[in-house]
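Data block below; observations after.
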Amino acid sequence: MRKASRVVAEVLLQLKSRVKPGVSTEALDEFAERRVREMGAVPAFLGYRGYPATLCVSINEEIVHGIPSPGRVIREGDIVSLDMGAVCDGFYGDAAVTVAAGEISGQARRLMDVTSRSLELALSEVKAGARLGDVSHAVEKYALENGMSVVREFTGHGIGRHLHEEPSIPNFGRAGSGPVLKAGMTLAIEPMLCLGKADVVIKNDGWTAVSADGSLAAHYEHTVAVTEDGCDILSLAD
Ligand code: MF3
Ligand code: CO
């Protein structure tokens with residue numbers, strides 16, 4: 001899992017600098033697939049429940065699961081969420097980041113910062129003996145304090161020999177509730193926040209999830225291992 005997650009982190013880092021006005025989401029996907037394979041891993045999303053690409057690229061009001069296409073070109077001011085998984089020797093890694101294309105609005109920057117920080121706060125709750133609700137609650141609390149809303153239709157998840165394992169990890173909940181975390185558990189924690197309301201609509205392609213009110217969305221994700229006194233973030237670049 002460390003290997004797979006490291007590949008994901010490295011490729012996401014390389015993708016970040018490629019998110020620029022004029023670049024198609026398909027070009028990002030082609031780069032991602034080539035790099036994942038060159039690094040000796042296999043794309044985890046490609047073919048998963050029929051998903052057709054290596055990368056999910058979700059722009060502005062798109063929350064998650066945007067399908068790369070040659071006709072979708074990044075524009076100045078867009079916020080672009082990149083989500084990717086990889087498999088190494090049967091073990092999975094999964095991570096996501098949101099990136100600014102050129103100059104973005106203050107509101108967009110704030111959404112990105114709050115979402116990224118909500119992930120950090122969630123990770124800071126992870127340790128053996130903590131409850132899953134502590135992690136969920138940390139995201140919700142920080143989002144609401146900052147006037148943002150939390151997407152409820154999609155969650156984080158256990159991860160390991162499969163992309164999605166138990167438990168499901170909502171980005172809302174009650175502190176002190178839910179399963180007790182144990183050292184060695186591996187989790188993908190992934191807050192998805194909106195500037196407006198968090199109601200979700202799925203587009204006609206059957207995948208792309210957008211905010212129903214068209215408000216901007218951001219998404220960050222790490223794969224982590226629970227330790228006795230905290231967590232080991234597996235999806236960090238070198
Ligand atoms: N990070 C997302 C998740 O864990 C991405 C899944 S996309 C899919 O659910 F294509 F694989 F479905
Ligand atoms: Co995930």
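Counting convention: from 1, in listed order, for ligands and their atoms alike.
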OG/Ser149 to CG/Asp213 distance, rounded to the nearest 0.5 angstrom? 7.5 Å

Using a 4.0 Å cutoff against the non-hydrogen atoms of Tyr48, which atoms of ligand 1 qualify? 8 (C), 11 (F), 12 (F)

Contact check: Asp83 vs ligand 1, nitrogen or oxygen atoms, below 3.5 angstrom: yes

Under 4.0 Å between heavy atoms, the region of Arg49 that gets near ligand 1 turns out to be neither

Angle at the Co ion (ligand 2), OE2 of Glu221 to OD2 of Asp94, rounded to 10 degrees, please. 80°

Specify the closest pair of heavy atoms between Thr98 and Tyr220, including all atoms of both residues, with the distance to one decimal. O-OH, 3.2 Å

N-O pairing of Arg34 and Glu30 below 4.0 Å: no

If you measure every N/O of His219 against every N/O of ligand 1, is any gap under 3.5 Å? no

One thing to verify: whether Asp113 and Arg117 come together as a salt bridge, which I'm taking to mean a side-chain N less than 4.0 angstrom from a carboxylate O. no

Does ligand 1 have an atom that lies less than 4.0 angstrom from a heavy atom of Leu163? yes

Which atoms form the tightest heavy-atom contact between Glu125 and Ala138, and what is the distance? CG-CB, 3.8 Å

Angle subtended at the Co ion (ligand 2) by His157 NE2 and Glu190 OE2, rounded to 10 degrees: 90°

Could you tell me whether ligand 1 has any atom less than 4.0 Å away from a heavy atom of Trp207? yes

Give the residue, atom name and distance (to 0.1 Å) of the protein heavy atom nearest atom 10 (F) of ligand 1. Tyr51 CG, 3.1 Å

Pick one: which of Glu190, Glu166, Glu165 meets side chain to side chain donor-acceptor pair (under 3.5 Å) with His157? Glu190

Do Arg35 and Glu10 meet the salt-bridge criterion of a basic N to acidic O distance under 4.0 Å? no

Among all protein heavy atoms, pick out the one at the shortest distance from atom 9 (O) of ligand 1; state its residue, atom name and that distance to 0.1 Å. His164 NE2, 2.8 Å

Which of the numbered atoms in ligand 1 are under 4.0 angstrom from any heavy atom belonging to His65? 5 (C), 6 (C), 7 (S)

Go through it in stages, so that I can follow the logic: the residues are Val57 and Asp29, the test is side chain to side chain contact (heavy atoms under 4.5 Å, CB included), and I'd like the CA-CA distance, side-chain angles, deciding distance and then a yes or no. CA-CA 8 Å; Val57 187; Asp29 185 66; 5.7 Å; no

Determine whether any heavy atom of Cys56 lies closer than 4.0 Å to an atom of ligand 1. yes

Minimum side-chain heavy-atom gap Leu163-Phe45 below 4.5 Å: yes

Would you say His157 touches ligand 1, if touching means a heavy atom closer than 4.0 Å? yes

